[in-house]
Enquirer: 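Below is one structure. I have some questions about it.
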Protein chains: 2
Amino acid sequence: MNERVVPPAARRRRRPTKQGVVLSEELIVGTALRLIEEHGADALSVRRLGRALGADPSSLYRYFRTADDLLLAVADELIGRTLHAWHPTGDWRADLRDLGLRMHAGALAHPRAAVLGSYRVTGRVHEIRAVEAILGVLRGAGFPDPEAVRIYHAFVDQALAHGALDSASAAMPRAARDAEAAVWRATYARLPGDTHPHIAATARHLVADMAHSSYPAALDLLLDAAAARLAAAAPASRS
Amino acid sequence: MNERVVPPAARRRRRPTKQGVVLSEELIVGTALRLIEEHGADALSVRRLGRALGADPSSLYRYFRTADDLLLAVADELIGRTLHAWHPTGDWRADLRDLGLRMHAGALAHPRAAVLGSYRVTGRVHEIRAVEAILGVLRGAGFPDPEAVRIYHAFVDQALAHGALDSASAAMPRAARDAEAAVWRATYARLPGDTHPHIAATARHLVADMAHSSYPAALDLLLDAAAARLAAAAPASRS
DNA sequence: CTAACAGGTCAACCGTGTTGTCATAAGGTG
DNA sequence: CACCTTATGACAACACGGTTGACCTGTTAG
């Protein structure tokens with residue numbers, strides 16, 4: 001219950017670690033991201049992060065109240081990077097598609113942060129900028145406010161949720177992933193047509209489709225539906 | 001590397017536990033589900049499950065190779081129960097909507113199993129039945145095979161992914177959940193209109209919408225898009 | 001120059017999945 | 001019925017995880 005964390009503003013004494021490192025929130029978040037990128041999502045633990053930083057694990061609790069809080073900071077940093085690489089063109093549908101794919105890729109690379117960021121609000125700068133930008137695209141396209149918010153919500157959750165899911169799949173050892181594909185080929189593709197007519201009829205497509213992420217297709221479906229609603233709501237300005 | 005697990009068919013000796021319980025795959029899976037339902041998703045661990053069963057934790061490794069395998073069995077059982085409660089009417093859209101909501105609810109109650117089941121194939125009976133049923137609905141509605149598979153994939157992943165996400169949110173302690181809502185009200189709803197025009201304009205809707213799951217709306221969007229594609233592909237039989 | 005205290009460190013606690021080893025009762029066999 | 005094999009349960013241990021209370025020390029304000 002003791003509060004170990006000091007608000008960033010009040011930080012004064014920058015005392016170096018035994019190994020000579022001067023800690024800071026930014027350094028910790030940056031190192032965490034590097035750790036994940038180099039050794040996978042599971043490589044991020046308080047203890048490993050401490051080791052990578054050259055500091056005792058417990059030191060991190062001077063900067064973040066819990067491991068989740070640390071991950072939230074990582075999530076916000078990720079949002080910032082994703083948004084930074086995104087250059088909207090004015091075509092709402094193309095812009096959202098591009099952003100969705102970028103968010104998905106980011107979430108795929110950092111699943112734990114994505115999961116956390118999807119159901120918790122960081123309230124940090126990058127997140128706020130992202131919300132503003134996406135809402136801007138939707139409202140600029142002509143979506144009425146309630147609809148814009150609804151689509152914003154579905155869009156963001158979809159990107160993060162699929163990202164988290166797909167990254168779990170990507171994290172499996174090679175052998176296990178191959179075994180999964182084998183189940184589709186060995187079990188599903190061999191079901192007799194008289195007991196399982198629909199699987200038998202689509203087996204070819206199932207084997208091919210289930211090996212990939214469903215996200216791009218799902219994203220296009222969402223954008224399709226949004227476009228249809230926009231067309232229905234707006235009196236039709238063109239075509 | 002030693003294989004401790006014996007295939008169910010070869011099981012003969014039903015030796016009771018010290019506490020007098022006779023183990024079986026079904027009993028273990030059933031107890032796991034009960035544990036989750038009574039004490040939340042995090043209550044499921046090999047050790048706790050062992051305790052709940054009245055058996056040493058290590059005994060479970062005679063039935064499942066790893067904790068993940070156990071969870072996969074739980075997932076398949078869940079699929080079975082969900083499917084069992086579902087009564088299709090012949091209206092593809094209503095049927096899928098109903099099934100989607102049921103799957104989402106199931107995933108919400110059993111997030112870890114849902115996550116696992118979303119990127120791994122169990123290849124067990126219930127899963128196969130579910131795949132056959134959903135494909136049947138889609139093909140019956142007139143979707144061409146490749147499209148049916150694509151929509152099947154997006155539909156299933158969406159239900160499971162959103163379920164996993166929402167359950168993470170539901171698992172937060174009350175206080176934390178209230179704190180989240182407070183961020184929307186205190187931070188987002190107070191941003192000035194000149195720096196964040198879009199957030200300011202939609203603040204009311206944001207506060208209301210972000211408190212709920214985006215799944216129902218996302219599901220409707222997906223079904224909208226599917227219906228549109230069906231209408232475009234089929235020469236239009238009615239209306 | 002000195003006193004206060006921020007912040008780094010250490011050791012410990014309790015939880016997790018998993019495995020090597022042992023012991024014993026079940027059940028087929030004669 | 002008695003014996004032997006072996007399936008299966010139990011035990012103890014390992015490595016890893018997050019977290020915290022207590023301590024110690026360098027930095028900095030006064």
Side-chain angles (χ1 to χ4, degrees), chain A residues 1-25 27-28 31-32 35-36 39-72 74 112 116 171 173, chain B residues 1-25 27-28 31-32 35-36 39-74 112 116 173:
Chain A
M1 282 305 125
N2 244 350
E3 191 50 272
R4 291 173 110 111
V5 178
V6 171
R11 286 195 180 274
R12 291 216 170 68
R13 317 194 176 174
R14 322 263 51 184
R15 175 185 183 173
T17 273
K18 237 187 181 180
Q19 305 185 30
V21 186
V22 176
L23 296 179
S24 71
E25 198 170 315
L27 179 64
I28 295 173
T31 306
L35 214 60
I36 295 176
H39 303 99
D42 290 342
L44 186 62
S45 74
V46 178
R47 295 174 123 98
R48 277 157 104 114
L49 182 51
R51 221 179 304 137
L53 280 163
D56 190 88
S58 62
S59 305
L60 304 185
Y61 288 86
R62 301 276 182 210
Y63 293 83
F64 300 95
R65 291 190 333 109
T66 80
D68 268 15
D69 272 11
L70 165 56
L71 223 47
L72 267 190
V74 171
R112 294 179 36 208
L116 216 60
Chain B
M1 279 305 127
N2 244 350
E3 191 49 272
R4 289 173 110 111
V5 177
V6 172
R11 286 196 180 274
R12 292 216 171 65
R13 316 194 177 175
R14 323 262 51 184
R15 177 183 183 174
T17 275
K18 237 186 180 179
Q19 305 184 31
V21 186
V22 176
L23 295 180
S24 72
E25 198 169 316
L27 179 64
I28 295 174
T31 306
L35 214 59
I36 295 176
H39 302 98
D42 290 341
L44 185 62
S45 74
V46 178
R47 295 172 124 96
R48 276 157 103 114
L49 182 51
R51 221 179 304 137
L53 279 163
D56 189 88
S58 63
S59 304
L60 304 186
Y61 288 86
R62 300 277 180 210
Y63 294 83
F64 301 95
R65 292 193 330 120
T66 77
D68 268 15
D69 273 10
L70 164 57
L71 223 48
L72 268 188
V74 171
R112 293 178 38 208
L116 217 61

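Keep in mind that this is a model prediction, so the values were computed, not measured. Below, chains carry the letters A, B, ... as their sequence lines are ordered, and counting in each starts from 1.
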Enquirer: Rounding to an integer number of Å, can you tell me how far B:Asp68 CG sits from C:dG17 C1'?
Expert: 10 Å

Enquirer: Of the candidate nucleotides C:dG17, D:dA10, D:dC23, which contains the atom at the shortest distance from the side chain of A:Arg62?
Expert: D:dC23

Enquirer: Indicate, with a heavy-atom threshold strictly under 4.0 Å, whether B:Pro16 touches base, sugar-phosphate, or nothing.
Expert: sugar-phosphate

Enquirer: Can you tell me the distance, in whole Å, between the CG atom of A:Leu60 and the P atom of C:dG8?
Expert: 9 Å

Enquirer: Measuring from atom CZ of B:Arg15 to atom CZ of B:Arg62, what distance do you get when rounded to the nearest 0.5 angstrom?
Expert: 10.0 Å

Enquirer: Give a yes/no answer on whether the side chain of A:Lys18 brings an N or O atom under 4.0 Å of OP1 or OP2 in D:dT25.
Expert: no

Enquirer: So how far is it from A:Leu116 CG to A:Leu70 CG, rounded to the nearest 0.5 Å?
Expert: 10.0 Å

Enquirer: Return the value, rounded to whole Å, for the distance between atom CD1 of A:Ile28 and atom P of C:dG7.
Expert: 11 Å

Enquirer: Please determine whether any donor N or O and acceptor N or O are separated by less than 3.5 Å between the side chain of A:Arg15 and the base of C:dG8.
Expert: no

Enquirer: Which pairs, with at least one residue in residues 63-72 of chain A and sequence neighbours excluded, count as a salt bridge (Lys or Arg N to Asp or Glu O under 4.0 Å)?
Expert: A:Arg65-A:Asp69, A:Asp68-A:Arg120, A:Asp69-A:Arg120

Enquirer: I need the CD-C1' distance between B:Gln19 and C:dA25, as an integer number of Å.
Expert: 18 Å

Enquirer: If only side-chain N and O atoms of A:Ser59 are considered, is one of them under 4.0 Å from the OP1 or OP2 phosphate oxygen of C:dT9?
Expert: yes

Enquirer: With a 4.5 Å cut-off on side-chain heavy atoms, are A:Leu27 and A:Val22 touching?
Expert: no

Enquirer: Over all strands shown, is B:Arg48 touching base, sugar-phosphate only, or nothing at heavy-atom distances under 4.0 angstrom?
Expert: sugar-phosphate

Enquirer: Using whole Å, what does the distance between atom P of nucleotide C:dT16 and atom CG of B:Leu70 come to?
Expert: 14 Å

Enquirer: Figure out the CG/C1' separation between A:Asp69 and D:dT19, and round it to whole Å.
Expert: 13 Å

Enquirer: Please determine if a side-chain N or O atom of B:Tyr63 lies less than 4.0 Å away from the OP1 or OP2 oxygen of D:dG9.
Expert: yes

Enquirer: How long is the line joining CD of B:Glu25 and C1' of D:dT8, in whole Å?
Expert: 15 Å

Enquirer: Roughly how far, to the nearest 0.5 Å, is the OG atom of A:Ser59 from the CG atom of A:Leu49?
Expert: 10.5 Å

Enquirer: Report each atom pair, protein N/O against N/O of nucleotides 11-13 of chain C, whose distance is under 3.5 angstrom.
Expert:
none

Enquirer: Find the distance between CZ (A:Arg51) and CG (A:Leu35) and round it off to the nearest 0.5 Å.
Expert: 9.5 Å

Enquirer: Output the distance between atom CD (A:Gln19) and atom CG (A:Asp56), rounded to the nearest 0.5 Å.
Expert: 10.0 Å

Enquirer: Which whole-number value in Å describes the distance from B:Leu53 CG to D:dG9 P?
Expert: 11 Å

